[in-house]
Amino acid sequence: MKITSLNVNNFKNSEKERIEFKDGINIIFGDNAAGKTNLLEAIFLFAAGKSFRGSKDKNFVRFGQDYAFTEIVFENKSGNCKLGIKLFKNAKKQIFREGVQISKLSEYLGLFRAVIFTPDHLNLVKGSPEFRRRFIDLAICQSFPRYVATASEYNRILAQKNALLKNRIDSEDLLEVYNERLSFLAAHITSNRLKFLKQLQPEAKAFQHDMTNGAEELSLDYISQAGEGFESTDDIKNRYLDIYKSKKEQEKYKGVTLFGPHKDDFTIFINKKNARLFASQGQQRSAVLSLKLAEGELSNKLTGEYPVFLLDDILSELDSKRKKYILDTTYGKQVIITGCDKEFFSGLESRNKIYVENGRACFYT
Ligand SMILES: Nc1ncnc2c1ncn2[C@@H]1O[C@H](COP(=O)(O)OP(=O)(O)OP(=O)(O)O)[C@@H](O)[C@H]1O
Ligand SMILES: [Mg+2]
């Protein structure tokens, strides 16, 4: 998989830019606040349908403008493809495939795939469960686009049920309807995540093993509010139905849905110890790299081609050993790396260096 060009129009701090990408390593450099991460965000939107920084669609629109447009041309194993997204200040985004508007996110997710590495990713180990849920969900939706429809319906019903609970509306029938649907969707989300982690684990374990010369064994364990040892998706659904029934008064009292996959998490273990609690900073960094590289490896296994690797400002964060490891592992794949200092990239084999200043891009050879 390879991106050949990106066009942005009124996208964050870029007015109108066209950037071409080459095989192998592409370097984007420039001062702080130049717009480097914004460009990666514009690309990643096509992989996941949303920002990896958690920003809302309206925040992509350049200050003072009504809408932003971003478009990529890329090659995947089926040929060339062009996707566009128009993001509005006050309306839902519009998505285009080969210039024709399409109605569903799931019709374009999975066509272009990317793995993003950012310095924030240490939160995958150290941060709150939300970071880990976002990691799994963004990865799953690229390989199983229908997952995004399930997750958004879950979020919609969850919001409706929460509104009912918060406003203390006494409607047992409606609550039952919500709980029935939520249990069904929760079961699908949980089983997708379990399946994904089961496939990710051996890949991540192999990277961690390799990176530490066999000293560290990485494992993952999904923590579900519905318990453990599930037999089937129906089993998970029934457990949620029971939970919602038995905890109804507690949820009514708190005025919010207390149970469901929106509260789930997964634990990362190194040598059977919880990495969040016991691993050193360096071990945590390796674990994050292992998980992200594993995401790329799994994406290749599931779809038959590697995603594009987006490395946002991470080389300055890593020691030389880990830096070399990530560059060796992604060798031969398309990589887009950002950083402030051009010198920092010396020694990297790259045919494409892009300098960014105030959202404008120019090319160096
Ligand atoms: N909607 C917007 N309209 C205009 N400018 C915006 C918008 N959103 C963000 N910006 C600006 O874009 C600028 C560049 O942000 P970006 O995160 O891409 O910088 P960067 O080059 O990655 O910097 P750093 O090296 O510090 O990571 C910031 O100054 C930010 O204020
Ligand atoms: Mg940045």
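Reckoned from all heavy atoms, side chains included, excluding hydrogens, waters and symmetry mates. Here the structure is a predicted model, which is why all the values come from computation and not from measurement. Whatever order the structure lists them in is the order used to number ligands and atoms, beginning at 1.
- Ranking the protein heavy atoms by distance from atom 12 (O) of ligand 1 puts N38 ND2, 3.1 Å first.
- Distance from atom 11 (C) of ligand 1 to its nearest protein heavy atom, with residue and atom name: N13 CB, 4.1 Å.
- Given atom 29 (O) of ligand 1, the protein heavy atom at minimum distance is A33 CB, 3.5 Å.
- Comparing K89, K58, E15, K36 against atom 25 (O) of ligand 1, the shortest heavy-atom distance belongs to K36.
- For H121 and F117, the ring centers are positioned 6.0 Å apart or more.
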- Task: Give the C-alpha distance, both sets of side-chain angles, the deciding distance and a yes or no for salt bridge (Lys or Arg N to Asp or Glu O under 4.0 Å) between R285 and E317.
- Result: CA-CA 9 Å; R285 280 190 201 288; E317 293 274 312; 3.5 Å; yes
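- Neither the backbone nor the side chain of V356 has any atom closer than 4.0 Å to an atom of ligand 1 (non-hydrogen atoms only).
- Each of the following atoms of ligand 1 lies closer than 4.0 Å to a heavy atom of N59: 1 (N).
- Backbone and side-chain nitrogen or oxygen atoms of F63 are examined, and one is located within less than 3.5 angstrom of a nitrogen or oxygen of ligand 1.
- For the 3.5 Å distance criterion, the side chains of Q225 and T190 fail to qualify, holding no donor opposite an acceptor.
- The nearest protein atom to atom 9 (C) of ligand 1, hydrogens excluded, is given as K12 CD, 4.0 Å; this is a heavy-atom distance.
- Judged by the 6.0 Å distance and 45° axis criteria, K126 is not positioned over the aromatic ring of F131.
- There is a protein heavy atom closer than 4.0 angstrom to atom 17 (O) of ligand 1.
- Close approach of ligand 1 to D31 is summarised as follows: ligand atoms under 4.0 Å from at least one heavy atom of the residue are 21 (O).
- Closest protein heavy atom to atom 27 (O) of ligand 1: T37 OG1, 3.9 Å.
- The nearest protein atom to atom 24 (P) of ligand 1, hydrogens excluded, is given as N32 ND2, 3.6 Å; this is a heavy-atom distance.
- Ligand 1 has no atom lying under 4.0 Å from any heavy atom of D312.
- Cation-pi contact between K237 and F184: absent, since separation from the ring centre below 6.0 Å together with deviation from the ring axis within 45° is not met.
- For the ligand labelled ligand 1, residue A34 lies inside the 4.0 Å heavy-atom shell.
- Within ligand 1, counting atoms from 1 as listed, the ones closer than 4.0 Å to a heavy atom of C340 are 25 (O).
- A continuous path of ILVMFWY side-chain contacts below 4.5 Å connects F196 to V125, so both sit in one hydrophobic cluster.
- At least one N, O or S atom of T37, from either the backbone or the side chain, sits less than 2.8 Å from the Mg ion (ligand 2).
- Taking both residues in full, the closest heavy atoms of D31 and K36 are given as O-NZ, 2.8 Å, listed atom of the first, atom of the second, then distance.
- Both tests pass for K333 against the ring of Y306: distance under 6.0 Å to the centre and angle within 45° of the axis.
- Judged by the 6.0 Å and 45° rule, K161 forms a cation-pi pair with Y244.
- Taking each of T118, L40, V61 in turn, the one with a heavy atom nearest to atom 1 (N) of ligand 1 proves to be V61.
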- Message: For R133 and D137: C-alpha separation, side-chain torsions, deciding distance, then whether salt bridge (Lys or Arg N to Asp or Glu O under 4.0 Å) applies.
- Response: CA-CA 6 Å; R133 286 195 298 268; D137 289 347; over 6 Å; no
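- A ring-centre distance under 6.0 Å is not found for F266 and Y222.
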